[in-house]
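The basis for the numbers below is simple: all heavy atoms, side chains too, and nothing from hydrogens, waters or symmetry mates. Throughout, a chain's letter reflects where its sequence line sits, starting with A, and its residues are numbered from 1.
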Number of protein chains: 2
Amino acid sequence: MDYSTAKNKFLQTWGALGSQWGINKTMAQIHALLMVSDEAISMEDIMQELQISRGNASMNLRALMDWGIVYKENKPGERREFFIAEKDLDELATKIAKERSKREIKPALKMLKEVSSIQANETPAEKHFVEQTKKLYDFVGRADEMIDKVTTYKDNWLGKLMIKLLK
Amino acid sequence: MDYSTAKNKFLQTWGALGSQWGINKTMAQIHALLMVSDEAISMEDIMQELQISRGNASMNLRALMDWGIVYKENKPGERREFFIAEKDLDELATKIAKERSKREIKPALKMLKEVSSIQANETPAEKHFVEQTKKLYDFVGRADEMIDKVTTYKDNWLGKLMIKLLK
DNA sequence: TCAAACTTTCAAAAATAATTGAAATATATT
DNA sequence: AATATATTTCAATTATTTTTGAAAGTTTGA
């Protein structure tokens with residue numbers, strides 16, 4: 001397999017993986033492209049490489065910067081903007097985890113807290129509803145916390161020890 | 001907030017959360033409905049409660065059973081089928097993790113192995129591509145492994161210790 | 001074996017999400 | 001200030017995903 005084929009395969013598969021996890025395919029692909037590029041890339045080049053429109057490129061680059069995993073880079077003497085990706089994978093994972101937690105998990109937790117706090121009457125149905133949503137609240141809360149801890153401490157000694165122990 | 005409002009809010013929000021993580025909204029909602037129900041539910045009742053068609057209910061129940069997180073239950077003297085959800089949340093998380101790993105992560109790993117194995121020439125671009133995809137391969141592989149271990153051992157003493165230590 | 005009760009399948013329709021492209025806006029240069 | 005270059009916005013279009021519903025299939029029991 002040659003470089004160009006490999007690169008295409010990578011961009012293609014990474015985009016599909018993104019989709020499967022609720023991330024816009026183009027967004028995943030732009031990030032993938034920046035990840036494997038040895039230098040900053042202009043919007044023009046991104047459009048060219050992924051065959052996408054200017055609007056699409058602009059919007060998804062904005063989203064990636066909002067996530068904190070892509071940065072602008074200004075080249076001296078160059079008018080247009082260049083982009084680079086966060087390449088430290090631990091840092092990347094941490095940012096993605098924190099962002100998804102904030103945007104998606106935390107609101108779900110809030111809802112679980114609310115609905116599990118209703119005054120249930122004596123029927124089995126209502127009692128069970130409260131019981132289950134309480135359990136779900138505890139569980140999701142713990143999982144969210146754990147992901148946060150695991151990503152935060154991934155590169156320190158404690159984390160390394162744990163990860164080793166888990167092997 | 002009364003029971004019916006709370007239940008609706010739960011089903012609604014859980015469905016949205018599913019969507020955000022690449023899971024069919026109805027599939028997430030059927031599972032949610034079964035999770036908080038104190039008894040097995042017929043397809044008819046699921047259709048009724050979520051206001052969905054027979055085909056939709058049938059297909060998504062099939063998918064949930066393929067994931068191994070919903071089971072059929074036969075009531076004596078009853079012709080039609082009833083459904084119950086896996087209610088042990090550790091077990092649920094384990095099954096979801098294993099299934100997503102198998103369907104989505106493993107194929108991505110396979111691709112990363114392939115594309116990072118190309119014979120790169122001396123250009124910085126090709127060298128960097130191989131370097132990055134190799135790193136990605138290692139990282140995704142480790143993450144995949146860790147999720148597997150964490151979920152598998154979640155309810156034994158080792159896991160409990162770790163989780164406590166991570167607090 | 002037949003018919004009633006129930007479930008599955010899948011092509012067509014509907015709903016949702018992503019993308020385009022051109023006008024508007026912003027920024028830099030002369 | 002005027003012009004050129006670059007970026008953003010967003011209504012309209014296109015693509016993708018989900019849902020429907022009726023026909024086909026299956027199972028049970030009379």
Side-chain angles (χ1 to χ4, degrees), chain A residues 11-34 40-67 70-84 100 103-104, chain B residues 11-34 40-67 70-84 100 103-104:
Chain A
L11 295 176
Q12 178 55 44
T13 309
W14 206 253
L17 183 65
S19 290
Q20 289 175 316
W21 286 77
I23 288 156
N24 178 295
K25 180 185 141 206
T26 301
M27 183 169 155
Q29 285 184 325
I30 293 177
H31 184 254
L33 177 60
L34 294 173
I41 317 186
S42 69
M43 199 151 86
E44 205 64 47
D45 285 348
I46 292 170
M47 290 163 57
Q48 169 64 228
E49 189 107 32
L50 299 175
Q51 292 292 299
I52 57 175
S53 69
R54 189 171 299 284
N56 198 2
S58 174
M59 288 185 298
N60 282 113
L61 280 165
R62 159 64 37 218
L64 285 163
M65 289 188 292
D66 288 347
W67 276 64
V70 161
Y71 317 106
K72 270 186 189 161
E73 196 173 76
N74 276 73
K75 289 200 180 178
E78 271 282 8
R79 178 101 160 235
R80 66 224 158 110
E81 297 168 325
F82 289 78
F83 300 89
I84 50 170
R100 297 205 77 154
R103 297 182 192 206
E104 297 150 12
Chain B
L11 295 176
Q12 177 54 45
T13 309
W14 206 253
L17 184 65
S19 292
Q20 289 175 316
W21 287 78
I23 288 156
N24 179 295
K25 180 185 141 206
T26 302
M27 183 170 156
Q29 285 185 324
I30 293 176
H31 184 255
L33 177 60
L34 293 173
I41 318 187
S42 69
M43 198 152 87
E44 205 65 46
D45 285 348
I46 291 170
M47 291 162 57
Q48 169 63 229
E49 189 106 34
L50 299 175
Q51 291 291 300
I52 56 171
S53 70
R54 190 171 299 284
N56 198 2
S58 174
M59 288 185 297
N60 283 113
L61 279 165
R62 159 62 37 219
L64 284 163
M65 288 188 293
D66 289 346
W67 275 64
V70 160
Y71 316 105
K72 270 187 188 162
E73 195 173 75
N74 277 70
K75 288 200 182 180
E78 273 279 12
R79 180 100 162 238
R80 65 223 158 111
E81 297 169 326
F82 289 78
F83 300 88
I84 51 170
R100 297 204 77 155
R103 298 183 192 206
E104 297 151 12

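Note that CD of A:Glu73 and CD1 of A:Ile84 are 4.5 Å apart. Values are rounded to the nearest 0.5 Å. Considering CH2 of A:Trp21 and CH2 of B:Trp21, their distance stands at 6.5 Å, rounded to 0.5 Å.
Rounded to an integer number of Å, the gap from A:Asn60 CG to D:dT7 C1' is 15 Å. Here the P atom of nucleotide D:dA6 and the CD1 atom of A:Ile46 are 15 Å apart, to the nearest Å. The distance between atom NZ of A:Lys75 and atom C1' of D:dT5, rounded to the nearest whole Å, is 18 Å. A:Leu64 places its CG atom 14 Å from the P atom of C:dA18, with the value rounded to the nearest Å.
The side-chain contact (heavy atoms from CB on, under 4.5 Å) check on A:Ser58 picks up A:Met43, with sequence neighbours excluded.
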At a cut-off of 3.5 Å, list every protein nitrogen or oxygen paired with a nitrogen or oxygen from nucleotides 6-15 of chain C, distance to 0.1 Å.
| unit_1 | atom_1 | unit_2 | atom_2 | d |
| --- | --- | --- | --- | --- |
| C:dT7 | OP1 | B:Glu81 | N | 3.0 |
| C:dT8 | OP2 | B:Ser58 | OG | 3.0 |

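Two residues are said to be in side-chain contact when any heavy atoms from C-beta on lie closer than 4.5 Å; A:Arg100 and A:Ile23 meet this criterion. Looking only at side-chain heavy atoms (C-beta outward), B:Val70 and B:Ile30 stay at 4.5 Å or farther from each other. Between B:Leu50 and B:Asn56, the closest side-chain pair of non-hydrogen atoms is not below 4.5 Å. Put simply, the side chain of B:Arg62 reaches to within 4.5 Å of the side chain of B:Met65, judged on heavy atoms. At a threshold of 4.5 Å between non-hydrogen side-chain atoms, the residues A:Phe82 and A:Arg80 count as touching.
Near DNA chain C, meaning a heavy atom under 4.0 Å away, the residues from residues 16-30 of chain A are A:Asn24, A:Thr26.
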